[in-house]
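Worksheet: one structure, shown below.
Residue numbers begin at 1 in each chain, while the letters A, B, ... track the order of the sequences.
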Amino acid sequence: MKDFKEEKTRVDQADRTIYDVKDRLDPAYLMDSGITPEIVNQISKEKNEPEWMRLFRLKSLKLYNEIPLPTWGPSLDELNMDQIVTYVRPKSTMKAKWSDVPDDIKETFERLGIPKAERKSLAGVGAQYDSEVVYHNVRAEVASQGVVYTDIESALTGPYSDMIRKHFMKLVPPSDHKFAALHGAVWSGGSFVYVPAGVSVEIPLQSYFRLNAPGAGQFEHTLIIVEEGAYLHFIEGCSAPRYYVANLHAGCVELYVGKNARLRYSTIENWSKNMYNLNTKRASVEEGGTVEWISGSFGSHISYLYPMSILKGKKARMEFTGITFAGEGQNLDTGAKVLHAAPDTTSHISTKSISRDGGNSTFRSVVTVTEKAEGSKSAVSCESLMLDSISRSDTIPVMDISCNQADIGHEAKIGRISESAIFYLMSRGLSEDDARALIVGGFAEPIAKELPLEYAVEMNNLIHLEMKGSIG
Amino acid sequence: MSHSLLEIKDLIVSVEDKIILNGINLTIGSGELHVLMGPNGTGKSTLVSAIMGDPRFQIESGQILLDGKDITEMKADERAKAGVFLSFQVPEEIPGVTLEDFLRTAKGSLEKRPPKILQFKKELKEQMKALDMDPSYAERYLNVGFSGGEKKKTEILQLLMLQPKLALLDETDSGLDVDAVRTVTKGIRAFKNRKNGLFIITHNARILEGLDVDVVHVLEGGKIAYTGGQELISKITQDGFGVLGKGVGLHEGL
């Protein structure tokens, strides 16, 4: 506790320079969304952004105010937009207090064995921690290969600013949906990675190390460009719950995979259980390129998450492996989308979902095959495990095939844990809880084995935690 | 004189309100091998499952004692910790959990601390070799895609790795070819010692080759109808259960 107070002081000191927007606001602007052009201008000014970005933000804001909330997914009625207004102000005074962090999150940190300094950072209350050093070291190492790995704000004003301008929100335009527009207006923080042609990055890059960047996490933008023949594994997020005062996460991820390049993008999103996670992720893949998504969705109150792959070039490929765990009070609507826009493209979507204690998990997939995509193949499989009779699991596969020569398959399985399997494991000395956790862990294993070891271990711990219901 | 390892007193067991076992009395001493025979559908599997603590079966009355300790009310995992093991007639498939990880977890639960990894791996390798199992099975998901024979061998492998006090084998030989039965028998021989006990359900004598059977029980009409020595097995396998005559009475020491 004591070292926390010290850290808190540092946050306060940093806050003294705050440009307090509150006093200058015309209350009339707060009528609709609450986010005003002034706030957006302010964000842009604080970041010393180029003029085009300021205009981009304003245009996005306009769209945000025009586009209605989605009506087809889990209800967003309880989303508190006022709180978000406060949060998006530059250098908001709205900092979390360690004492406000819900007990279940604190205890999860404890159980996962996360060091104290990192816990605070994950809880959104810390200012700095040791991983910054690791981040710098990683940067230096990959830089020697010509790889750029930096926060997106610095990239915007540095030598790569033109590249950012060319790619920023081109895959996910702000007009896409209300929260893409919001993102365009108030985005802050995130990563920029550029891998030059032919470079294979041997170590996975992890955004985990720069979670602590100011304002990062809630409206972060990830932009990754992997040039021809290059390879990168990027890991985003971490399995410990991330807690923020405001309860909306509207991030955006854009992945550009060049000709014959390969990008593996792994995320575990584990937001606190009050969070609305409305994240948009999209990849475009050129000829012979491959994008591989590994996606774990834990936590959050409501999630809308359907990473999309646009297979632009001949023989482009995508693989999506995802897992969703919905517990009490959670409604997680997840899945994947793919657009086959060139001949001989391949997609493979494989997901697992687990629901328990009244949790609701919905799998949505959209496979679109255009006229041009002759000889394309798509296989979608989703398996759901319901751990009790009050939980729900739904599958909504959509296929739009405009091409005669395409091979499309879909497979869905919904099941429960069999009592005889529990008895079998108990007869070998496992407690009932351990038996259930082992079965659920086994169900998740195909995903776990795709993850880097430390994440797999954390995910496994997390499943055990979730399965135990109460921690301790 | 061996002490009694398993003692069953007046056990009445029902499933969905139907009485299956109606007053079972049975004692297995340490170092003993008992065989349980009887026509299909008489409740042999029910008996071993009830001893293991299968929640599908309701114990209406009676007692099950292991080493003199009452385990009647215990859950299956507590019974396993007390030393009971059941080789399932139809072993469960557990996707995503490798045989090795499963065995390590089970051993850790039974011994209340994780086994030493190298020692464990070495032992596993040796036992698998003794059972003619391909070492790659250790890395495969438990029973998933295993043949009937491999599943049963895996049960015996678990028996050897977990070393319970009392092993209940529910038709471990059924559906196996000659060689596989021989391997299973070899495993049982390796397991058997003066301290532990075996209770084997079977329909034929092959699995018992080279094993000293102490007592044979015949279950009929929810009761132990006959109890005898090894000679009962050949009688039954040759001439069927009819040879024992119809009737319920208890024929002690036939």
State whether the number of non-hydrogen atoms from other residues, nucleotides or ligands found under 6.0 Å of [X] atom [atom1] is greater than 12.
{"X": "A:E411", "atom1": "CD", "value": "no"}
{"X": "B:K192", "atom1": "NZ", "value": "yes"}
{"X": "B:D134", "atom1": "CG", "value": "yes"}
{"X": "B:K81", "atom1": "NZ", "value": "yes"}

Requested in this report: Assign the ring pair A:Y265 / A:W293 to parallel, tilted or perpendicular, where the plane angle (0 to 90°) is split at 30° and 60°.
Outcome: perpendicular

**Report entry** Aromatic plane relationship, A:F363 with A:H410 - under 30° parallel, 30 to 60° tilted, over 60° perpendicular
**Finding:**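 Plane angle under 30°, so parallel.
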
Report, by ascending residue number, the residues of [range] in heavy-atom contact with chain A at a distance under 4.5 Å; give 'none' if the set is empty.
{"range": "residues 149-169 of chain B", "answer": "B:E155, B:Q158, B:L162"}
{"range": "residues 43-58 of chain B", "answer": "B:S49, B:M52, B:G53, B:D54, B:P55"}
{"range": "residues 115-122 of chain B", "answer": "none"}

**Report entry** Any side-chain donor near an acceptor of the partner, B:E93 and B:N143, under 3.5 Å
**Finding:**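 B:E93 vs B:N143: no donor-acceptor pair found between side chains.
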
**Report entry** Heavy-atom pairs under 4.5 Å with chain A, option from B:E92, B:E78, B:K107 with the top count
**Finding:** B:E92

Report task. Give the member of B:F88, B:Y141, B:F102 that has the highest number of heavy-atom pairs under 4.5 Å with chain A. Result -> B:F88

Do [X] side-chain atoms and [Y] backbone N/O form a donor-acceptor pair below 3.5 Å?
{"X": "A:E450", "Y": "A:I447", "value": "no"}
{"X": "B:D101", "Y": "B:T98", "value": "no"}
{"X": "A:S391", "Y": "A:G358", "value": "yes"}

Query raised in the report: Heavy-atom distance under 4.5 Å to chain A: side chain of B:V90, backbone, both or neither?
Result: neither

Query raised in the report: Which answer fits B:L103, side chain, backbone, both or neither, if we ask what part of it has an atom under 4.5 Å from a heavy atom of chain A?
Result: neither

Query raised in the report: Would B:Y137 and B:F146 count as a ring pair (Phe, Tyr, Trp, His ring centres under 6.0 Å) if you check the C-alpha gap in whole Å, the side-chain angles of each, and the deciding distance to 0.1 Å?
Result: CA-CA 9 Å; B:Y137 274 76; B:F146 287 23; 4.8 Å; yes

Query raised in the report: Do A:R428 and A:Y424 meet the cation-pi criteria used here (NZ or CZ under 6.0 Å from the six-membered ring centre, within 45° of the axis)?
Result: yes

Query raised in the report: What do the steps show when you test B:L219 against B:I24 for side chain to side chain contact (heavy atoms under 4.5 Å, CB included), and what is the final call?
Result: CA-CA 9 Å; B:L219 192 65; B:I24 301 288; 3.6 Å; yes

Requested in this report: Test A:E269 against A:K281 for salt bridge (Lys or Arg N to Asp or Glu O under 4.0 Å), laying out the working first.
Outcome: CA-CA 13 Å; A:E269 297 195 33; A:K281 303 182 180 186; 2.8 Å; yes

Report task. Applying side-chain hydrogen bond (donor to acceptor under 3.5 Å, both in side chains), run through B:S174 and B:H203 and close with a yes or a no. Result -> CA-CA 8 Å; B:S174 70; B:H203 285 295; over 6 Å; no

Query raised in the report: Where do B:L65 and B:L6 land on the side chain to side chain contact (heavy atoms under 4.5 Å, CB included) test, with the steps shown first?
Result: CA-CA 6 Å; B:L65 306 176; B:L6 174 73; over 6 Å; no

Query raised in the report: Would you call A:D433-A:R436 a salt bridge at under 4.0 Å N-O?
Result: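 No, this pair does not count.
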
Requested in this report: In plain terms, say whether B:D77 and B:R79 are close enough for a salt bridge, that is, a side-chain N and a carboxylate O under 4.0 Å apart.
Outcome: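 So B:D77 does not pair with B:R79 through a salt bridge.
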
Query - Neighbourhood of chain B inside residues 320-328 of chain A, taking heavy atoms under 4.5 Å as contact - result: none

Report task. Select, from A:L425, A:I422, A:L430, the one with the greatest count of heavy-atom pairs under 4.5 Å involving chain B. Result ->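 Maximum pair count with chain B is reached by A:L430.
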
Query raised in the report: So, for A:L332 and A:G299, which heavy atoms are closest and what is the spacing to 0.1 Å?
Result: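 Reported closest heavy-atom pair: CD2-O, 3.7 Å.
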
